[in-house]
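Just so it is clear: chains get the letters A, B, ... in the order the sequence lines come, proteins before strands, and each one is counted from 1. Computation of the quantities below employed the complete heavy-atom set of this structure, encompassing side-chain atoms and omitting hydrogens, waters and symmetry-equivalent molecules.
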Amino acid sequence: MRDYNFSEIEKKWQARWVQDKTYHVIEDPKRRKFYILNMFPYPSGAGLHVGHPLGYIASDIYARFKRQQGFNVLNPMGYDSYGLPAEQYAIQTGQHPQKTTFENIDRYRSQLDKIGFSFDWDREVRTCDPDYYKWTQWAFQKMFNSYFDQQLQKAQPIEKLIDQFKSQGTWPSDPKAQNDLLMKHRIAFLGETMVNWCPKLGTVLANDEVVEGVSVRGGYPVEQKKMRQWCLRISAYSQRLLDGLDTIQWSDSIKETQRNWIGRSEGTEVEFHYLSPDGDSDGGTFTIFTTRADTMFGVTFMVLAPESELVAKLTTPAQKAQVDQYLAYVKSRTERERMIDHTVTGVFTGSYAINPFTGEKNPIWISEYVLAGYGTGAIMAVPAHDSRDYAFARHFNLPVIPLIQGADVSTESYDAKEGIVINSPAQGKTSVMYDGESLVLNGLTVQQAIAATKQFVQKHNIGRVKVNYRLRDAIFSRQRYWGEPFPVYYKNGIATMIPAECLPVRLPQVDNFLPTESGEPPLGNAQLWAWDEANRQIVDKSLIDEKTVFPIELYTMPGFAGSSAYYLRYMDPHNDKALLSRQAAEYWQNVDLYVGGSEHATGHLIYSRFWNKFLFDLGVSTQDEPFHKLINQGMIQGRSNFVYRIKDTNTFVSLGLKDQYDTTPIHVDVNIVRNDILDTQAFQAWRPEYSDAQFILEDGKYVCGWAIEKMSKSMFNVVNPDMIVERYGADTLRLYEMFLGPVEQSKPWDTNGIDGCHRFLRKLWQLFWDKDGNLQVQDNHPTAENLKTLHKLIKKVTADIETFSYNTAISAFMVATTELSSQQCRSRQVLEQLISLIAPFAPHIAEELWHAIGNQTTVCDAPWPQFDEKYLVESSIRLGVQFNGKVRFDMQFPADATPQQMTDMALSAPEAAKYLDGMQIVKTIAIPKRIVNIVVKPQA
RNA sequence: GCCCAGAUGGUGGAAUUGGUAGACACGAGGGACUUAAAAUCCCUUGACCAUUGCGGUCGUACGGGUUCGAGUCCCGUUCCGGGCACCA
């Protein structure tokens with residue numbers, strides 16, 4: 001018997017793969033490409049736990065499978081290495097973030113290397129590497145110099161827009177005015193916007209970085225603040241981002257989340273005239289947005305957002321004091337308060353608007369329930385059919401006019417968009433005439449009424465059909481140190497691009513990572529941070545004269561800047577002339593399979609799609625969508641163990657007996673617990689205070705309690721992959737992580753079941769050796785039984801890999817190995833194909849066995865076995881009445897027929913002949929009532 | 001509140017997509033080997049009844065429905081998870 005010495009085998013082959021550059025990939029026009037990508041990790045100080053490699057293993061299996069099928073597979077890895085944790089660690093310890101980041105990367109790398117991935121490390125990228133972020137800066141400058149053409153629905157050079165302005169005669173002569181005008185169109189632009197300001201972190205945050213009014217990272221309160229920031233006009237791409245979802249294979253839930261985030265809403269903009277504050281004359285118009293154009297006759301008041309520019313215009317002198325008081329109140333409220341507390345507040349402006357359909361005067365109010373950032377910041381209120389308007393109307397005692405037949409609005413609004421319209425116009429009243437026409441909606445359904453109103457509004461120029469999107473422009477600057485610097489300097493206050501030939505603009509050294517005393521971002525501490533325009537170089541900032549030497553931007557880019565186009569860089573990572581060559585772009589196209597967590601649904605996965613669409617418009621990317629198929633691996637939760645200490649003692653009682661005592665549960669390190677049985681000696685050695693611990697056992701064992709919690713150091717439930725590799729081997733780890741359940745499902749880590757996978761690998765190993773440790777593989781013909789087992793396996797495993805059902809594929813391996821073992825299979829032909837099949841899952845043992853049976857090449861290139869139906873001799877046919885909409889053939893059985901009688905009848909039926917011709921009946925199963933399954937196989 | 005996904009043994013999970021529910025693995029129980037332990041191997045393992053052999057009844061969160069046949073399809077209910085949330 002030869003031992004399965006996994007440790008030796010794995011070290012040997014990992015070294016050989018590095019030496020032979022087995023996983024190095026180059027463009028090869030003769031072979032079809034397949035691009036597999038994992039979301040690259042942020043290298044945190046805690047290192048990898050067993051949850052991290054889950055997605056990497058899943059994609060590695062697929063990569064190896066595709067390679068064996070003959071594809072030229074790109075499977076790269078890198079690091080998202082700019083980010084807040086390294087910076088905060090730097091602030092605490094004074095260590096440069098680059099140092100800690102690089103240390104963390106090294107640690108990650110050594111952990112990853114032990115698991116046997118087929119990454120091409122020659123293509124590694126790091127977002128904090130100047131050779132990499134040069135192209136992030138380059139893309140930013142391209143965005144600055146582009147605008148989004150609504151007609152063409154794509155980005156165009158800004159020069160084209162300038163020409164348009166010139167030909168229209170609207171191009172201003174003043175450079176400042178030119179700048180202001182272009183800023184309204186550039187895709188990367190400086191905007192004076194309301195931002196999520198986090199005082200504790202000292203930076204602004206993007207919408208996806210804020211949840212329920214606090215920062216995702218750290219959980220600190222976030223407030224709204226108006227600031228000048230770099231922004232990306234991602235909202236311009238709303239429709240394309242929405243349409244693109246229909247062309248890609250992502251899960252419905254992620255697509256739905258993105259659709260929600262984009263928030264397309266089709267509606268109508270309607271112009272309302274308002275009366276001038278001094279009297280009854282026409283004061284002008286303002287526009288509202290509504291999705292309920294059918295409810296024009298139910299408007300009883302108007303509401304403005306407190307931040308709306310109309311507020312100042314429409315407030316009457318008499319109401320000014322009250323309005324100011326209300327605005328002060330609104331300003332005092334934090335984002336969080338506004339989000340949680342929905343009490344009705346508001347104030348009357350004193351002005352009135354004229355309803356364009358009824359001609360009636362509606363009071364104009366101000367309330368914080370109307371948002372400045374959506375639509376026009378002003379609404380028409382229809383309390384009968386909108387619950388928010390309803391609450392407002394009831395609170396301030398405003399009228400409610402129902403517009404739908406049968407709707408009872410005495411206690412709540414009727415919000416459903418269905419029913420027959422009434423009161424439009426109300427009985428005895430008339431609708432305002434436009435060119436001899438007036439709008440009458442009575443008797444129509446809601447949907448018909450919306451369509452009719454839209455048409456009327458357009459025809460008579462009262463408003464227009466409008467599509468609104470909830471998606472906001474991305475705020476693109478951060479007041480941090482550890483990020484990409486902007487390649488921008490300020491010349492007389494105007495943002496100017498540092499010439500592209502001078503990129504990258506390298507992150508300067510600072511001696512302090514905190515904001516400056518004057519409140520500037522950390523880059524304000526950099527001494528060498530000014531742009532000498534004439535000499536085209538970075539110089540000391542004391543030389544700033546605003547004539548030839550100018551200050552450089554102090555903001556840095558956010559985390560998503562570097563992660564938005566990294567998949568393109570992997571295609572051509574060392575190119576210093578371009579982000580990537582045309583040739584590489586055309587060969588690798590886009591990512592065929594992307595694997596990563598669903599928590600990036602509204603962050604990275606939207607930003608990347610936007611960024612790629614922009615690069616596609618430029619002709620840099622060849623595909624409109626970056627990631628064709630997306631698999632979201634589930635999170636691995638921790639499984640914590642507990643011991644129960646009897647109060648005020650150092651005695652611990654086993655789980656089954658704990659109710660007899662007054663105990664406190666204490667987290668215990670899961671690494672000293674096996675199958676929920678505590679290693680009591682290891683426990684005593686774990687911490688000094690437990691060295692004299694006493695135990696009350698049950699059946700001689702100490703049984704621990706358990707709970708599913710987040711994997712974290714403080715709960716002592718972190719399982720380190722290195723430990724598993726050491727104890728069971730990388731192949732067992734790979735197999736077990738996949739065996740745990742479907743890749744896409746979140747599940748707790750539980751080391752308990754791992755023995756099963758390890759036992760399987762040993763059984764597989766033993767298939768090849770006899771008692772004396774000699775190879776027992778022979779070149780004789782396989783038996784029909786052997787071939788049947790093999791081809792059943794080929795069929796199952798191939799189908800399972802394609803659908804990422806790795807857990808069932810592994811089950812199939814277990815069954816097949818048991819079968820081959822009991823069949824005494826020695827056939828080289830069968831065993832060789834078995835190795836090929838297992839190679840993606842357990843590459844080390846496969847490589848060892850592959851060479852042991854006499855192969856010289858790497859198992860990574862072993863051809864994927866071809867399934868042949870003819871070896872699966874049994875097939876099943878069913879005879880009976882119509883089922884599942886398909887007719888095999890119709891046959892009536894008497895209600896009281898016994899299964900035997902039904903079987904006989906079915907077999908003797910003339911229609912059965914074509915199924916039975918040349919077949920031998922293996923068995924018949926009569927399912928009660930009318931169905932007979934007949935298993936047949938071809939006659940020998 | 002709205003949208004999405006789900007609920008199967010003691011546990012993780014299978015089920016050819018409407019055709020013998022519980023594959024595979026863990027755990028548990030029993031046995032073999034062993035001075036002993038570990039490792040390994042064999043048997044049992046959804047529940048209940050019958051066990052002298054066969055076997056029988058009930059079972060996929062709950063209540064209905066469609067069907068010869070439902071874990072799977074339809075309607076309603078409960079519960080858990082995820083997303084959005086004053087978006088007019």
Side-chain angles (χ1 to χ4, degrees), chain A residues 1 211-212 251-261 263-265 267-268 288-293 295 303 305 338-344 367-382 385-389 391-392 415 468-472 598-599 601-602 632 634-635 639 675-677 706 735-736 739-742 744-760 762-763 766 795-796 799-800 805 807-816 818 876 878 880-886 892-893 895 902 925-933:
Chain A
M1 188 71 66
V211 169
E212 287 175 5
S251 73
D252 289 340
S253 63
I254 291 262
K255 285 188 185 182
E256 201 55 35
T257 301
Q258 292 211 345
R259 285 193 191 103
N260 262 328
W261 193 257
R264 180 191 157 101
S265 124
T268 316
I288 59 93
F289 174 77
T290 180
T291 55
R292 293 297 300 271
T295 59
V303 189
R338 242 173 123 160
M339 217 167 309
I340 294 165
D341 174 22
H342 284 188
T343 42
V344 177
S367 176
E368 58 179 339
Y369 84 86
V370 175
L371 306 176
Y374 185 76
T376 61
I379 63 153
M380 61 178 211
V382 186
H385 302 295
D386 182 287
S387 52
R388 296 153 303 177
D389 298 347
F392 195 83
D415 291 16
N468 260 331
Y469 300 91
R470 195 161 21 196
L471 187 66
R472 310 282 178 87
S598 57
E599 67 272 18
T602 55
N632 298 115
M635 293 249 281
R639 187 178 187 278
N675 291 343
D676 290 336
I677 307 298
W706 59 272
L735 233 39
Y736 185 57
F739 189 68
L740 227 41
E744 306 198 52
Q745 193 171 303
S746 285
K747 56 230 156 189
W749 177 267
D750 180 358
T751 309
N752 287 348
I754 199 165
D755 287 324
C757 287
H758 191 64
R759 269 197 279 268
F760 157 67
R762 275 217 300 267
K763 272 185 210 161
Q766 278 155 21
K795 187 181 185 182
K796 178 79 178 143
D800 281 351
S805 309
N807 53 335
T808 52
I810 293 166
S811 294
F813 278 119
M814 291 173 174
V815 173
T818 307
S876 152
R878 291 189 190 90
V881 294
Q882 183 172 335
F883 61 95
N884 193 21
K886 289 174 259 174
Q892 293 295 320
F893 298 110
M902 293 192 330
I925 304 162
I927 298 168
K929 300 262 165 80
R930 304 207 195 144
I931 305 296
V932 182
N933 283 343

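With hydrogens and angles ignored, the 3.5 Å screen pairs no side-chain donor or acceptor of A/Asn468 with any backbone N or O of A/Ser265.
Interatomic distance, NZ of A/Lys795 versus CG of A/Asp800, reported as 11.5 Å (0.5 Å rounding). The CD atom of A/Gln258 sits 8.0 Å away from atom OG1 of A/Thr602, with the distance rounded to the nearest 0.5 Å. Note that the CE atom of A/Met635 and the NZ atom of A/Lys747 stand 12.5 Å from one another [nearest 0.5 Å]. Considering CZ of A/Arg470 and CG of A/Asn260, their distance stands at 6.0 Å, rounded to 0.5 Å.
One can place CE of A/Met814 at 11 Å from P of B/C24, the figure rounded to the nearest angstrom. For A/Lys796 and B/C24, the NZ to P distance is 12 Å, given to the nearest whole Å. Atom CG of A/Asn260 is separated from atom P of B/A5 by 13 Å (rounded to the nearest Å). Taking atom CG on A/Asp755 and atom P on B/C26, their separation rounds to 8 Å, with Å as the unit. The interatomic distance linking A/Tyr374 (OH) with B/A85 (P) rounds to 13 Å, in whole Å. Atom NZ of A/Lys763 and atom C1' of B/A25 are 10 Å apart (whole Å). Note: CZ (A/Arg264) to C1' (B/C2) measures 19 Å, nearest angstrom. One interatomic measurement links the two molecules: CZ of A/Phe289 to P of B/A88, which rounds to 6 Å at whole-angstrom precision.
Between A/Arg259 and the phosphate of B/C3, there is no side-chain N or O to OP1/OP2 separation shorter than 4.0 Å. Within the structure, every side-chain polar atom (N or O) of A/Tyr369 is placed at least 4.0 Å from both OP1 and OP2 of B/A88. An OP1 or OP2 oxygen of B/A88 is reached within less than 4.0 angstrom by a side-chain nitrogen or oxygen of A/Ser265. The side chain of A/Arg759 contributes an N or O atom lying less than 4.0 Å from OP1 or OP2 of B/C26.
Side-chain atoms of A/Asp252 lie closest to B/A5 of the nucleotides B/C84, B/A5, B/A88. You'll find that the side chain of A/Ser253 is closest to B/C4, out of B/C84, B/C4, B/U40.
The gap from the P atom of B/G63 to that of B/U8 amounts to 16 Å, rounded to the nearest Å. Distance noted for atom C1' between B/C73 and B/C84: 30 Å (whole Å). Comparing B/A23 with B/G13, their C1' atoms are spaced 10 Å from each other, to the whole Å. Comparing the same atom, P, in B/A70 and in B/G19 gives a spacing of 11 Å after rounding to whole Å. For B/A85 and B/A47, the C1' atoms lie 45 Å apart once the distance is rounded to whole Å. The separation of B/G9 from B/A21, taken at their C1' atoms, amounts to 11 Å, rounded to a whole angstrom. As rounded to the nearest Å, B/C80 and B/G27 have P atoms that lie 32 Å from one another. Taking the P atoms as reference points, B/A7 lies 10 Å from B/U72, given to the whole Å.
In B/G9 the base sits syn relative to the sugar, since the glycosidic angle is no further than 90° from 0. A syn base is found at B/U17: its glycosidic angle is within 90° of 0.
The residue A/Arg762 sits close only to the backbone: its heavy atoms come under 4.0 Å of sugar-phosphate atoms, none of a base. Within the nucleic acid shown, A/Val370 comes within 4.0 Å of at least one base atom, counting heavy atoms only.
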Nucleotides 6-13 of chain B: protein proximity per nucleotide (B base, S sugar-phosphate only, - neither; heavy atom, under 4.0 Å): ------BS
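Residue whose closest nucleotide on RNA chain B sits further toward the 5' end, between A/Glu368 and A/Ile254: A/Ile254.
Scored by the ring-ring contact (aromatic ring centres under 6.0 Å, His included) test, A/Phe760 finds no partners at all (sequence neighbours excluded).
Two rings, from A/Tyr736 and A/Trp749, have their centers less than 6.0 Å apart.
For the residue pair A/Tyr369 and A/Thr343, no side-chain donor N or O sits within less than 3.5 Å of a side-chain acceptor on the partner.
Looking at A/Ile754, A/Ile810, A/Thr808 one by one, the single match for side-chain contact (heavy atoms from CB on, under 4.5 Å) with A/Phe739 turns out to be A/Ile810.
Considering only heavy atoms from C-beta on, A/Trp261 comes within 4.5 Å of A/Leu471 through its side chain. Residues A/Ile254 and A/Asn632 meet the side-chain proximity criterion, which asks for heavy atoms closer than 4.5 Å.
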Secondary structure of RNA chain B in dot-bracket form (Watson-Crick or G-U wobble, distances below 3.5 Å, | marking inter-strand pairs): ((((.((..(((......[....)))((((((.......))))))((((.....))))..(((((..]....))))))).))))....
